[in-house]
There are 2 protein chains.
Amino acid sequence: MGLVVQKYGGSSVADAEGIKRVAKRIVEAKKNGHQVVVVVSAMGDTTDELIDLAEQVSPMPAGREFDMLLTAGERISMALLAMAIKNLGHEAQSFTGSQAGVITDSVHNKARIIDVTPGRIRDSVDEGNIAIVAGFQGVSQDKKDITTLGRGGSDTTAVALAAALDAEVCEIYTDVDGVFTADPRVVKKAKKIDWIAFEDMLELAASGSKVLLHRCVEYARRYNIPIHVRSSFSGLQGTWVSNEPLVQKAQQQGEKVEQAIISGVAHDTSEAKVTVVGVPDKPGEAASIFRAIADAEINIDMVVQNVSAASTGLTDISFTLPKTEGRKAIDALERAKTAIGFDSLRYDDQIGKISLVGAGMKTNPGVTASFFEALSDAGVNIELISTSEIRISVVTRADDVPEAVRAVHTAFGLDSDTAEAVVYGGTGR
Amino acid sequence: MGLVVQKYGGSSVADAEGIKRVAKRIVEAKKNGHQVVVVVSAMGDTTDELIDLAEQVSPMPAGREFDMLLTAGERISMALLAMAIKNLGHEAQSFTGSQAGVITDSVHNKARIIDVTPGRIRDSVDEGNIAIVAGFQGVSQDKKDITTLGRGGSDTTAVALAAALDAEVCEIYTDVDGVFTADPRVVKKAKKIDWIAFEDMLELAASGSKVLLHRCVEYARRYNIPIHVRSSFSGLQGTWVSNEPLVQKAQQQGEKVEQAIISGVAHDTSEAKVTVVGVPDKPGEAASIFRAIADAEINIDMVVQNVSAASTGLTDISFTLPKTEGRKAIDALERAKTAIGFDSLRYDDQIGKISLVGAGMKTNPGVTASFFEALSDAGVNIELISTSEIRISVVTRADDVPEAVRAVHTAFGLDSDTAEAVVYGGTGR
């Protein structure tokens, strides 16, 4: 048996009891004959407490120092986890991101991994140790400064290490049993997905599913590392995310699993809609609007341009973006108003997005029609539409989102016979 | 003006307010034209809280992991301090022990500094930054593992960095105004010492004075780095520890300061006394006793052998050692009882040690006599005596220690006219 990378989030190691429970699970994997590398997040609320301290001493903490501060969190959890494992009679060593060879760029607070040189980790596991690595952190290539990877960074650390160590699988332990066909808090009958392709998982993550972040899945796809998302609180099989349908599980259990037409329904109520009203309908207008937005370093999501009214020669352009960027976008456009030459701006943060994701929709032409019918039957009005090869997304009123998600989930036969989802703890990093 | 190293203990940075207060003081030194390197301990009770967590997951935490855990403490305080300084409009960068080039041996929990390569610190201050360095920690030369320096380690970090950077002075900020002629909690009229020679400070530290630890003073003497011990809570001049009488202060103030005959009175109630009863008075007996103790890795302090009783040819040997080592010493001797051939062991942990320290006693023959007279007048019985060129120590009953210290302090004219000592906070690391 080969090497396994396991990642445990903050809710799994929230206190000493949690750390001891996780230590037992890690030792089980080792006893089963695997080499084990563990990536761990900071304990429970540690990161929030550190952020609170930073805000007490400085209203605008500098990136370099902020990263130095936050990385203390994983240092605590990883050392404690190593101690707990050694207390069970197995050898363990903890490593910082820097010691583990996680090399990043220099963008503090949201650095990107550019290389992993896991020589010390390889040596440690080859000597028979369980290696514990701090998630969420690295060291910058040029300045050798400590960096952090931003939200969900520990998952990315785990996948990047799994790739560099050529691991069999990257197990992401969390406080839910896996990836579900919809958010179980909204859809009681959401089903756990046994296997999902990287592409579908990427679309779900981009559409608001929070179990795995986009960047982590992207990394796993690039290096073809199977991810197994599962609960650290139960012993259940979770969700496999990989290129091939459930290779690992099928091999183990002699099963053959077909890919579903539809993987799931995601929703997102964190975005707002900006409408630029009265834009002259001539070449270059849209470009100048989105240049102003890009210069303000704002990422946008959906874009729709209305058909121009023949009488006026004017059109409206709408786009969605994170609510947190709303103020900045309005300011940027107001500054460019004369140059662009539009009439006015409308800002609406009471919207929601519902997305249907599934590679099967490529070869099933009825999917789009069924989707709109389901929304119509539920009395949900559609404001914007955007599609990719394997995804349809619509924007609706925020209040309509729960009903819309349930209606679509039922219409595509995703409902489970029973409510199977259990949420065990809080949410980790 | 040159480079100054400042060290702040845990009580000086116990909370956000403390950190902001210390940041202001650091910025003052920078404004006065100094290059400033700051060594900082973990905030207040952080270290104790981390130790508590470790004990919850493992009764015997491994050294390597324990060091990894504890070093999270300085990581937090140093990052917050750098943020607080930047918030005052000055540039600051924090560095771990490893980043600062503090190279140690591999003895976890009590590593010794074997080299300091402060290239990054030098570059940082030359670029105009205030460099903040984590105290108490380093990186092992052979394995590149994180190490801690043991109790008082942050002071040693500060002195070692001051030596490597050829600093003008190493300022040790603490929660008292300096080194006093006796412990102000015992002697209300204890006086702050303006200047004390390295040798006298070494003897005081070895005799129970807790303001500076022996290892730190030893390091400063070896590299001839003047130490200025002072309070972070007041603006007062503290105690200078150096080779030459108060060079710095004398130059500044045009004063000439003579060395006192007696520097101070130290006491220590952390030791116990072991008496080996009925040892055959022949060559090699003492050696075999202390070989057994040394093999158990126990450091002893005073040793006294009684005159042999002519009638029996047997003698008694007594020695003192830290109470924490008492159990281990008794076990080691019991195991060697047959080989050594003594009658019995006596263990007494109700003892105290009083020491009089002063380079002047070399040339003042009456000092020893006056010391014993003072103890006798106070009705204090002496159980053991040990002397060096510049120190006399006696062991008494623990209960007699406060009265004995006060009597000796008065007899040597050390009493101040007023109670000058103020203790501002807790104690740092």
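Since we're looking at a predicted model, the values are computed, not measured. Just so it is clear: chains get the letters A, B, ... in the order the sequence lines come, proteins before strands, and each one is counted from 1.
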message = Keeping Lys20(A) on the side-chain end and Gln56(B) on the backbone end, is there a donor-acceptor pair under 3.5 Å?
response = yes
So for [X], is it side chain, backbone, both, or neither that comes closer than 4.5 Å to the heavy atoms of chain A?
X: Gln99(B); result: side chain
X: Ile19(B); result: side chain
X: Leu81(B); result: neither
X: Met60(B); result: neither
X: Ser77(B); result: neither

From [X] atom [atom1] to [Y] atom [atom2], the distance as rounded to the nearest 0.5 Å:
X: Ile85(A); Y: Glu65(B); atom1: CD1; atom2: CD; result: 9.0 Å
X: Met83(A); Y: Leu53(B); atom1: CE; atom2: CG; result: 9.5 Å
X: Leu80(B); Y: Phe66(A); atom1: CG; atom2: CZ; result: 10.0 Å
X: Ile146(B); Y: Thr96(A); atom1: CD1; atom2: OG1; result: 6.5 Å

ask   = Which atoms of Ala92(A) come close to chain B, meaning under 4.5 Å heavy atom to heavy atom: side chain ones, backbone ones, both, or neither?
value = backbone
Can you tell if the side chain of [X] reaches within under 4.5 Å of the side chain of [Y], non-hydrogen atoms only?
X: Ile76(A); Y: Leu50(B); value: yes
X: Lys144(A); Y: Arg120(B); value: yes
X: Arg75(B); Y: Leu69(A); value: no

Selection from Ser98(A), Ala23(A), Ser94(A), Ser58(A) maximising heavy-atom pairs under 4.5 Å formed with chain B = Ser94(A)
inquiry  = Can you confirm whether more than 12 heavy atoms, excluding those of Lys110(B), are under 6.0 Å from its NZ atom?
reply    = no
